[in-house]
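Quantities reported herein were computed from a predicted structural model and do not represent experimental measurements.
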Amino acid sequence: MQFSYNWLKTQANPNLSADELSHLLTMAGLEVEEVNPAAPEFSGVVVAEVKSVDKHPDADRLNITRVDAGTGDLIQIVCGAPNVKPGIKVPCALPGAVLPGNFKIKPTKMRGQVSNGMLCSTDELGLPDDAVDGLHILPEDAPVGCNLRDYLDLDDAVITLKITPNRADCLSIKGLAREVAALSQCEKKYPEIAKATVTSARKQPVRIDTPEDCGRFLSRVIENVNAQVPTPDWMKQRLARSGIRSISALVDIGNYVMMELGQPMHVFDADKLTGSIIVRRAKNGETLACLNEKEITLAENTLVIADEQGVLSLAGLMGGEPSAVSDKTCNIVLEAAWFAPEIIAGKSRQYGFGSDSSFRFERGVDTALQVDAIERATELVLAICGGAAGEVVEAVGNLPNARRVNLRMARIEQVLGVKLEASAVETILRNLGLNPIAVSEGFEVSSPSFRFDIEIEADLIEEVGRVYGYENIPDDYTSGRLKMLALPETKQPRFAIYNRLAERGYQEVVSYAFVDEQWEKDFGGNHDPIRLQNPLAAQYAVMRSTLIGGLVEILQNNLNRKQNRVRIFEIARVFTKASDGSFVQKERVGGLIYGSVLPEQWGEKTRAADFYDIKADVETLLAGKQVRFVKAEHPALHPGRTAEIVQDGKTIGFIGELHPQWLQKYDLPQAPLVFEIDMTAVLAQEKVAYRPVSKFQAVRRDLAFVMPEDMKHDELIAAFDTVGSNLIQEISVFDVYRGAGLPEGMKSMAVKVLLQDMEATLTDEVIEPLMQKLIQAAACAGAQLRS
């Protein structure tokens with residue numbers, strides 16, 4: 001919600017600066033996003049009238065003008081603007097003026113001719129561009145010599161509010177005036193709205209076919225309007241400072257009433273309508289050419305405004321091109337309606353566009369505002385465009401009933417922690433338009449038509465608290481002993497995981513839990529993801545079941561910004577469906593590396609990271625755990641460079657290189673490597689146990705085995721594990737050989753066997769039988785001792 005502070009002052013003037021008002025509104029729950037001046041600082045610029053224009057004798061593109069700037073004598077100014085001509089009124093910067101950018105004006109000579117000032121364009125004054133090439137031409141009635149800042153009301157502030165969904169009543173100048181008056185105790189001055197005199201017999205019949213969707217619909221015909229009349233400058237200015245572009249007088253009037261009162265309006269060309277206006281649901285397959293030049297196919301859950309021939313507009317969202325007003329329009333139909341918020345909510349996302357009207361309707365418009373709005377719009381149309389007004393025709397559907405809510409004084413003190421006088425509470429409620437009635441324990445409030453959010457007692461207490469001032473509620477500190485609970489020995493602190501990854505060069509990232517559905521298909525092989533009923537946007541339609549999509553997107557963003565070495569991780573939840581149809585949330589840690597192993601340097605050659613680099617990171621993350629990496633397949637990963645991470649026979653994650661087809665699809669120059677692990681398994685750890693250090697010498701034996709090429713390291717180690725001797729302290733591979741001397745399809749794997757006893761020095765009589773058992777176990781697995 002963007003508005004002009006000076007416009008607000010016409011209805012409620014708190015005598016505060018823009019910054020002071022911003023603080024007041026923010027502390028009352030209406031967050032101010034920004035405050036900007038209506039125009040940059042400049043001085044010495046006045047309204048001037050061009051009296052004569054002569055060609056410069058020594059320059060083809062320059063003119064010598066004489067202007068009346070209200071100083072008594074005509075001033076000579078050299079001007080190169082293409083639109084300069086006698087009789088126009090323009091901004092004139094006199095000598096001594098300072099324009100934006102600290103540009104100082106002084107008398108000068110241009111090609112031998114004296115120029116005592118400067119005629120200005122909008123760009124030179126830092127004003128909104130009016131698309132005119134040349135000078136900013138002012139209205140004919142602009143007073144010569146008047147300070148331009150005063151004439152154009154440039155010492156104004158444009159304030160932008162971040163309105164929460166429950167405060168639709170503050171989406172207008174009238175609503176803000178009510179709020180500011182309650183907060184600052186200033187006087188309210190709402191615009192007086194007179195009932196128009198009926199001078200036309202023409203009426204526009206209306207009918208509501210879905211009363212649950214539309215509570216009220218008003219129409220009024222105004223005949224013989226002049227649609228070519230320009231919008232008055234004061235209205236253009238207020239709309240521009242509200243972020244609304246001027247289109248035409250008739251359209252601007254509707255937007256102006258919406259900003260002033262909070263009631264969205266629509267204007268139809270009366271001669272393009274056939275029969276009655278009908279409020280109904282769309283028929284499946286109906287189409288509409290909208291005012292934004294989009295043609296859409298309507299769904300049956302959409303409320304539309306139609307006539308006897310077809311759809312005229314999307315109710316509360318967008319008008320249709322066939323019934324729109326134009327410069328040739330002679331007769332119009334004004335429309336003001338109340339639509340149920342539920343029928344409008346979500347339609348802007350459904351059809352891919354929204355409007356200021358839908359923003360208000362889906363939050364809830366005042367149910368009692370339609371009559372005032374149509375009378376106010378009529379008043380402005382007659383004043384600006386002329387015409388003859390007909391009677392207002394009204395159709396009524398189902399309107400919400402006012403809720404009665406009781407407010408107890410004792411409960412206010414209990415919740416806010418401050419004792420307030422009943423008279424103070426009554427004043428606050430009355431200033432907010434809540435019309436309290438005193439009862440035995442406090443007050444009874446009938447929620448007004450403009451406050452949909454007043455439902456329970458806590459809502460009223462919140463209103464009292466914010467108007468009284470949260471900063472006026474004293475700080476009370478509780479005292480007591482806060483005891484930190486000891487973390488179980490079998491669980492690591494969460495920050496240990498963050499620190500461990502940071503030590504490996506990873507940086508934490510945070511991404512959305514709702515993702516593009518295509519990511520789920522590509523990276524998770526998930527063709528039936530959990531869908532959001534009301535997604536923020538089309539690309540955020542489903543919940544993620546894997547973290548890979550978010551990590552790849554962040555990689556793309558880094559590559560687009562010339563960051564060619566990336567190491568990132570994320571700890572977050574993923575969402576899957578259980579067999580019974582319920583939803584399951586699991587926390588996982590995911591990581592991605594891309595580019596060189598080390599930053600570019602002189603001491604090491606540049607080498608691209610590979611599977612074993614990220615495997616080392618995972619092993620560090622899982623330090624102290626007995627895990628195995630088993631060859632596997634995953635829809636996101638390279639079929640020959642992927643492994644499952646297995647602990648105690650249970651898969652806890654996966655690791656691998658991104659599949660080549662996704663490199664091409666997502667435009668990645670080389671393959672990133674990723675991992676994803678169950679956070680529960682990462683946090684778990686073995687309970688610390690004491691183990692003595694042997695004082696006896698360890699013995700090492702090396703064994704080399706010949707085995708088939710497809711036999712895995714884990715299969716050999718698993719065979720050794722069957723021996724089960726407590727003398728074996730370590731078995732690890734230290735060499736793999738392929739080549740001459742070995743049969744085709746075979747490889748040699750050499751292992752180190754480390755033996756040690758806790759109570760005696762090992763002898764050959766003990767060692768040799770144990771080594772034979774290892775050799776025999778390997779043979780059973782398909783590995784023969786190499787001769």
Side-chain angles (χ1 to χ4, degrees), residues 297 299-302 342 345-354 508-559 566 568-592 594 632-639 641-646 650-668 671-682:
T297 301
E300 292 179 338
N301 67 345
T302 304
E342 307 83 53
K347 295 301 180 292
S348 58
R349 286 182 288 275
Q350 180 177 344
Y351 291 108
F353 57 84
E508 185 185 10
V509 298
V510 178
S511 61
Y512 284 121
F514 22 85
V515 298
D516 192 326
E517 185 174 355
Q518 193 61 46
W519 290 2
E520 282 298 294
K521 295 177 182 178
D522 293 348
F523 301 127
N526 184 6
H527 295 276
D528 185 25
I530 299 171
R531 301 183 184 279
L532 295 171
Q533 291 184 350
N534 192 19
L536 291 175
Q539 66 268 33
Y540 299 128
V542 301
M543 302 299 291
R544 66 186 173 197
S545 63
T546 175
L547 302 176
I548 296 179
L551 294 173
V552 170
E553 181 187 39
I554 292 169
L555 170 63
Q556 288 177 309
N557 292 337
N558 277 272
L559 293 176
V566 178
I568 53 178
F569 79 95
E570 181 173 16
I571 298 177
R573 296 188 183 278
V574 297
F575 307 85
T576 55
K577 291 181 181 179
S579 57
D580 61 359
S582 61
F583 300 149
V584 179
Q585 300 183 43
K586 290 185 179 180
E587 191 175 35
R588 300 178 74 85
V589 52
L592 177 148
Y594 178 92
E633 292 187 0
H634 190 280
L637 304 180
H638 192 297
R641 299 170 188 174
T642 304
E644 289 180 343
I645 305 169
V646 179
K650 180 181 177 182
T651 300
I652 62 172
F654 58 84
I655 180 175
E657 181 182 298
L658 201 67
H659 199 290
Q661 66 178 330
W662 308 138
L663 300 189
Q664 183 177 4
K665 180 173 181 177
Y666 293 94
D667 196 24
L668 300 175
L673 298 122
V674 298
F675 69 83
E676 191 173 308
I677 311 173
D678 187 353
M679 191 63 176
T680 303
V682 175

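In this structure, Glu520 contributes its side chain and Ser545 its backbone to a donor-acceptor pair below 3.5 Å. Formation of a donor-acceptor pair under 3.5 Å by the Arg349 side chain with backbone atoms of Pro535 is found in this model.
Lys586 NZ: 12 or fewer foreign heavy atoms inside a 6.0 Å radius. In Gln661, the CD atom is crowded: over 12 heavy atoms of neighbouring residues, nucleotides or ligands sit closer than 6.0 Å. No more than 12 heavy-atom neighbours from other residues, nucleotides or ligands sit within 6.0 angstrom of CD on Glu633.
Remark: Thr546 OG1 to Phe523 CZ distance equals 9.0 Å, nearest 0.5 Å. For the atom pair CG of Leu663 and CD of Glu657, the computed distance is 7.0 Å after rounding to the nearest 0.5 Å. Note: Ile645 CD1 to Ile677 CD1 = 4.0 Å, rounded to the nearest 0.5 Å. Here the OG1 atom belonging to Thr297 is positioned 8.5 Å from the OH atom belonging to Tyr351, to the nearest 0.5 angstrom. Of the inter-residue distances, the one linking Leu637 atom CG with Leu658 atom CG reads 6.5 Å to the nearest 0.5 angstrom. Going from atom CD1 of Ile568 over to atom CD of Glu508 covers 11.0 Å, rounded to the nearest 0.5 Å.
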Verdict with reasoning, Thr302 to Gln350, per side-chain contact (heavy atoms from CB on, under 4.5 Å): CA-CA 10 Å; Thr302 304; Gln350 180 177 344; 4.0 Å; yes

Test side-chain contact (heavy atoms from CB on, under 4.5 Å) applied to Glu676 and His634, step by step: CA-CA 12 Å; Glu676 191 173 308; His634 190 280; over 6 Å; no

Glu587/Thr680 under side-chain contact (heavy atoms from CB on, under 4.5 Å): CA gap, chis, key distance, verdict: CA-CA 7 Å; Glu587 191 175 35; Thr680 303; over 6 Å; no

side-chain contact (heavy atoms from CB on, under 4.5 Å) evaluation trace for Met543 with Phe583: CA-CA 11 Å; Met543 302 299 291; Phe583 300 149; over 6 Å; no

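The aromatic rings of Trp662 and Tyr666 sit perpendicular to each other, their planes meeting at more than 60°, with 30° as the lower class boundary.
Residues in residues 533-547 take part in these salt bridge (charged side-chain N to carboxylate O under 4.0 Å, His left out) pairs, two or more places apart or across chains: Arg544-Glu570. The salt bridge (charged side-chain N to carboxylate O under 4.0 Å, His left out) analysis of residues 526-541, with sequence neighbours excluded, yields the pairs Glu517-Arg531, Asp528-Lys577.
Listed here is the closest heavy atom pair of Asn534 and Gly346: OD1-CA, 4.5 Å. The two residues Gly525 and Pro635 make their nearest non-hydrogen contact at N-CG, 3.7 Å. When all heavy atoms of Val515 and Tyr512 are compared, the pair lying nearest together is CG1-O, 3.8 Å. The nearest pair of heavy atoms linking Gly354 to Ser348 is CA-CB, 3.7 Å. Across all non-hydrogen atoms, the minimal contact from Gly590 to Leu551 is C-CD1, 3.9 Å.
Taking 4.5 Å as the limit, every side-chain heavy atom of Trp519 sits out of range of all side-chain heavy atoms of Val552.
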